[in-house]
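Heads up: the structure comes next, in structure tokens.
Numbers here are sequence positions counted from 1.
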Amino acid sequence: MSYLLALDQGTSSSRSIVFDGEARIVAMAQKEFTQIYPEPGWVEHNPLEIWQTQIDTARQALAQAGLKASDIRAIGITNQRETTVVWNRKTGQPVYNAIVWQDHRTEPACRQLRERGLEHTIQASTGLRIDAYFSATKLGWILDKVPSARALARKGELAFGTIDSWLIWQLTRGQVHATDVSNASRTMLFDVHRNEWDAGLMHAMNIEPSLMPRVLPSAAEYGSAHPDLLGHAVPICGVAGDQQSALFGQACFTEGMAKNTYGTGCFMLMHTGGKFHISDNGLITTSAAQASGQPEYALEGSVFVGGAVVQWLRDGLRAFEHSSDIEALARSVPDAGGVIIVPAFTGLGAPYWRPDARGTLTGLTRGTTVAHIARAALDSIAYQSAALLQAMSRDAVAAGAAALTELRVDGGACVNDLLMQFQADLLGIPVVRPAVVETTALGAAYLAGLACGVYRSQDDLARLWRMEHRFTPQMDRARAAELMQGWELAVRKTCAI
């Protein structure tokens with residue numbers, strides 16, 4: 001039996017999952033870590049805490065599975081994307097906390113880039129819009145604000161990376177500084193056509209080339225975890241950003257297949273094959289996970305606050321004790337009673353791109369209860385995702401492709417049947433939940449398995465995909481359109497505040 005270890009480093013927790021060769025979960029361990037909010041709109045993590053929770057869960061998962069590190073064929077890594085770490089190459093110590101993808105402190109720097117007329121140049125090379133969401137301006141902020149950082153960077157003494165690079169560095173004890181194409185494509189510094197760093201963009205943003213990691217395909221040999229860490233040297237053979245990894249784990253390998261991940265945020269990706277499309281509907285173009293060096297792309301829409309709205313109700317409003325309690329509370333009322341939550345806690349992502357937007361709660365009456373607010377919170381996740389799919393379908397049709405006929409779903413919130421049914425009702429197409437909803441980690445395991453020979457081809461992986469439930473639309477299309485109009489009106493009000 002072949003076993004693969006997936007390290008799934010997310011925004012709120014680190015997880016490690018052991019899969020067998022048939023894509024079945026053998027063991028899983030998870031640890032939350034500290035969320036740091038120094039100022040409004042700022043979100044940070046401690047990179048050392050991320051590393052410690054990740055290696056701890058890897059050891060726990062192996063122990064739960066009753067396996068030794070020598071039983072593991074390879075490690076796959078998937079990670080929260082865009083989150084930016086800079087560390088000293090000599091000491092291995094971070095020079096500052098990790099600046100998280102949700103953080104919008106660098107919007108002024110983005111405004112300057114737009115004023116310099118770089119929007120088209122950046123989008124043509126990277127597929128991305130200029131936004132504080134991506135890594136480049138976060139990296140620039142660290143270099144500008146941390147004493148001596150720019151001087152050290154000029155001497156070649158600092159390293160930059162997204163979380164995958166940080167974990168690879170730690171696992172290999174500083175022997176490997178690398179990333180994969182999917183994570184590199186999230187930096188706003190990577191030419192996705194040539195699969196290499198864009199020297200012109202780095203010069204325009206005053207980024208030293210010596211900071212950058214080596215870029216490899218998503219399925220490749222990245223080195224080995226040091227034997228002292230797990231008890232045996234285990235090769236690292238798969239790396240992908242969490243959303244591209246989920247697309248891969250959902251076996252969406254061909255043009256026109258799409259998935260939506262319901263996590264802290266929501267991320268919808270549609271594979272476009274080898275075709276690079278610039279969206280006319282507020283989406284971005286990104287590199288898909290690549291098993292070879294051949295460029296592959298996806299259209300993506302990013303919702304900044306998805307499942308995080310449930311965490312806000314739990315921790316901020318104390319509406320319930322456990323996140324899983326929300327479904328029963330929301331089911332206790334027939335609908336949201338006219339209440340709409342627009343959870344723009346850190347601005348709005350695609351297809352709106354309004355970093356200035358702030359969250360709103362509208363439609364309150366004297367009869368509104370916490371159950372209505374809980375229902376509205378779940379509805380907000382579906383509304384935002386529906387807006388993404390509508391934009392994606394318009395892009396697909398404009399490119400001569402067929403509109404989407406089904407949506408594969410994964411992530412923690414997809415186990416909520418109420419949410420998934422409402423999602424299908426709004427979309428008007430089936431929503432399909434797989435037997436293994438941990439597809440982010442599964443994608444990393446698949447990539448590692450391809451590189452180390454557990455799997456022969458992507459056809460092997462497609463045969464392993466299994467459906468658990470298919471949610472079919474039950475709502476009248478006119479009613480669904482009316483609800484979406486109400487959502488769009490609430491969004492306009494949010495942006496007008």
Inset, instruction - Show the numbers, then the answer: is there a ring-ring contact (aromatic ring centres under 6.0 Å, His included) between W42 and Y37? - result: CA-CA 6 Å; W42 293 27; Y37 306 104; over 10 Å; no
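- Checking Q244 against T286 by side-chain atom types alone, a donor-acceptor pair falls below 3.5 Å.
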Name each donor-acceptor pair under 3.5 Å that joins a side chain in residues 296-320 to protein atoms two or more places apart or in another chain, with its distance.
from, atom 1, to, atom 2, distance (Å)
E296, OE1, H271, NE2, 3.3
Y297, OH, V192, O, 3.1
E300, OE1, R81, NH1, 3.0
E300, OE1, R186, NH1, 3.0
E300, OE2, R81, NH1, 3.4
E300, OE2, R81, NH2, 2.6
E300, OE2, R186, NH2, 3.1
E300, OE2, S302, OG, 3.0
S302, OG, Y133, OH, 3.1
R314, NH1, S323, OG, 3.1

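- For the atom pair Y3 OH and F19 CZ, the distance stands at 13.5 Å (nearest 0.5 Å).
- Under 4.0 Å is where a charged nitrogen must lie from a carboxylate oxygen, and between R114 and E107 at least one such pair does.
- The list of salt bridge (Lys or Arg N to Asp or Glu O under 4.0 Å) pairs with a residue in residues 35-48, not counting sequence neighbours, reads E44-R105.
- Put simply, CG on D8 and CD on E438 are 7.0 Å apart, with the number rounded to the nearest 0.5 Å.
- Applying the salt bridge (Lys or Arg N to Asp or Glu O under 4.0 Å) test to pairs two or more places apart or on separate chains, none has a residue in residues 199-219.
- Between the side chains of S16 and T57, at least one donor N or O lies within less than 3.5 Å of an accepting N or O.
- With rounding to the nearest 0.5 Å, the separation of NZ in K31 from OG in S13 is 12.0 Å.
- For residues 217-238, the pairs satisfying side-chain hydrogen bond (donor to acceptor under 3.5 Å, both in side chains) are D180-S218, with sequence neighbours left out.
- Put simply, CD1 on I168 and CD1 on I75 are 10.5 Å apart, with the number rounded to the nearest 0.5 Å.
- At a cut-off of 3.5 Å, with distance as the only test, no side-chain donor of D56 or Q60 sits close to an acceptor on the other residue.
- Taking OG of S380 as the start and CG of L361 as the end, the distance is 10.5 Å to the nearest 0.5 Å.
- For residues 153-163, the side-chain hydrogen bond (donor to acceptor under 3.5 Å, both in side chains) pairs, not counting sequence neighbours, are T162-D164.
- Between the CG atom in L143 and the CG atom in N206 there is a gap of 8.0 Å [rounded to 0.5 Å].
- Checked against ring-ring contact (aromatic ring centres under 6.0 Å, His included), W101 has the following partners two or more places apart in sequence or in another chain: F267.
- For the residue pair T440 / D242, no side-chain donor-acceptor distance below 3.5 Å is found, with atom types taken as modelled.
- Proximity of a side-chain donor or acceptor of R89 to a complementary backbone N or O of L158 within less than 3.5 Å is detected.
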